[in-house]
Amino acid sequence: MSDGHGPSPEMPPGWAVEQPPPYGAPQASPWTAPGPHPHAAPGHGPQGAPQQWQQPGHGYLPPPALRPGIIPLRPLGLGDILDGTIKLVRSNPKAVLGLSAVAALLASVPVAIGNVFLLDATAAVMTDPTSDPDDLPGGFLAQFGGPLVSLAVGFVVVTMLTGVLTRILGRAVFGGDMTAGEAWRLTRGRVPALFAVVGLQFAILMAPLVVVALLAWALVASGAVLSPGAALAFLFLTVILYIPYALFFRTRFAFAAPAVVLESRGPLDAMRRSWTLVSGGFWRVLGILLLTSLLVGFIGSILQMPFTIAGTLFGVLGGGGIGTLILAGVLTAIGGTLGAMITYPFEAGVAGLLYADRRMRSEAFDLVLQTAAIEQQRQGWVHSSADELWHPSNSAGS
């Protein structure tokens with residue numbers, strides 16, 4: 001018999017009186033609601049909500065985060081952001097890659113046409129070394145026309161593409177998909193605000209360069225003569241000071257486009273919103289954006305390089321024939337399109353997921369997303385009303 005101060009005779013010596021429950025099925029989640037759910041994933045309750053997992057000798061582990069779509073609904077790491085961007089493309093390839101291909105082709109064609117003129121001039125110089133490429137027909141167009149037209153076209157199409165891809169991403173977070181037509185229908189009303197945001201950012205980034213250009217013009221107009229060393233030092237100082245300036249404002253306004261599209265904000269309000277969201281995570285946002293640019297730039301260059309080399313060889317060694325020049329232009333356009341098809345959706349996806357991450361970290365927005373995802377899983381489908389959850393009224397920090 002036990003005197004109440006030691007183990008009972010039936011218990012082996014050295015065993016505690018209070019033993020953890022035996023290993024078995026996890027207890028019911030506090031999120032669980034009555035009723036079966038046909039789409040519940042393994043390790044989730046009847047509503048698809050995460051349960052607490054019990055392991056012998058270790059107590060309860062934190063429940064796994066809900067992941068109804070391309071990301072887990074919790075603050076994101078770098079791997080989550082990159083993986084989610086890839087899943088965005090894979091989950092809706094027709095809309096994402098199709099729209100990106102159209103935008104990339106429109107931006108690549110002017111460059112390809114300019115390269116055709118440049119290759120024609122290069123072939124003429126190889127035939128007659130005494131000729132000057134700048135004096136040949138299309139010489140100026142070859143050097144400046146194509147890139148300038150491409151820059152203008154790219155400004156238009158990339159701005160619209162960013163808005164459309166952000167709208168697709170907003171639905172993909174919940175596991176829903178969207179056609180290109182539906183994405184454009186939901187985004188076209190925000191296009192003017194998107195252009196205004198891009199225009200304001202362009203003005204901010206160009207302002208110091210305009211000041212430097214005016215200063216240089218004033219020096220030349222006053223008759224001041226700078227030595228080559230002084231001119232190089234001035235140029236070097238301008239570049240060194242401009243790079244951090246551009247990176248700072250580019251990072252601060254990185255979430256302006258998602259705020260315009262997903263939160264229906266005006267241009268200035270969206271830029272203030274982006275500035276606020278970046279606060280507290282500036283260096284992390286800057287690092288991820290820079291890493292993304294380097295990564296997609298490297299991959300895009302690899303895809304583009306074979307076509308660019310082949311087009312250049314055909315154009316230079318083809319003797320200036322019309323057929324070879326056209327083939328060179330087509331190869332250049334294909335290479336540029338393939339490279340931009342990777343760059344555009346990847347950069348837009350990373351910016352959109354970084355925006356979601358900053359809202360989850362600063363506004364506990366993950367709780368809003370989790371609650372909505374549980375309800376959608378209970379219903380068995382993702383309704384278009386999920387887009388409204390991104391509105392700032394659904395978070396405390398807006």
Please say yes or no: joined through hydrophobic side-chain contacts below 4.5 Å, possibly via intermediate residues, are F282 and I243 part of one cluster?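 Per the 4.5 Å side-chain linkage, F282 and I243 are co-clustered.
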Between I86 and Y344, is there shared hydrophobic-cluster membership here, with clusters defined by ILVMFWY side-chain heavy atoms closer than 4.5 Å? yes
Expected output: side-chain [X] to main-chain [Y] donor-acceptor under 3.5 Å:
X: R190; Y: R265; value: yes
X: R361; Y: A356; value: no
X: E347; Y: S293; value: no
X: N92; Y: A172; value: no
X: W184; Y: V164; value: no
X: D80; Y: G77; value: yes

Would you give the length of the straight line joining atom [atom1] of [X] to atom [atom2] of [Y], rounded to the nearest 0.5 angstrom?
X: I204; Y: R252; atom1: CD1; atom2: CZ; answer: 12.5 Å
X: I288; Y: L353; atom1: CD1; atom2: CG; answer: 10.0 Å
X: L338; Y: I302; atom1: CG; atom2: CD1; answer: 13.0 Å
X: L262; Y: R359; atom1: CG; atom2: CZ; answer: 8.0 Å
X: T332; Y: F307; atom1: OG1; atom2: CZ; answer: 10.5 Å
X: F249; Y: S274; atom1: CZ; atom2: OG; answer: 12.0 Å

Kindly indicate, with the supporting measurements, whether the criterion salt bridge (Lys or Arg N to Asp or Glu O under 4.0 Å) is fulfilled by R273 and E363. CA-CA 13 Å; R273 172 69 161 157; E363 303 171 357; 2.7 Å; yes
Would you say CZ of F202 has more than 12 non-hydrogen atoms from neighbouring residues, nucleotides or ligands within 6.0 angstrom?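 12 or below, so no.
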Taking only residues two or more places apart in sequence or in another chain, which ones pass salt bridge (charged side-chain N to carboxylate O under 4.0 Å, His left out) with R284?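 R284: salt bridge (charged side-chain N to carboxylate O under 4.0 Å, His left out) contacts with D357.
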Identified side-chain contact (heavy atoms from CB on, under 4.5 Å) partner of L286 from the options L247, L291, V278: L247
So P345 and L88, do their side chains get closer than 4.5 Å, heavy atoms only?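 No, every pair of side-chain atoms sits at 4.5 Å or beyond.
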Out of W275, F253, Y242, which residue meets the ring-ring contact (aromatic ring centres under 6.0 Å, His included) rule with F248? W275
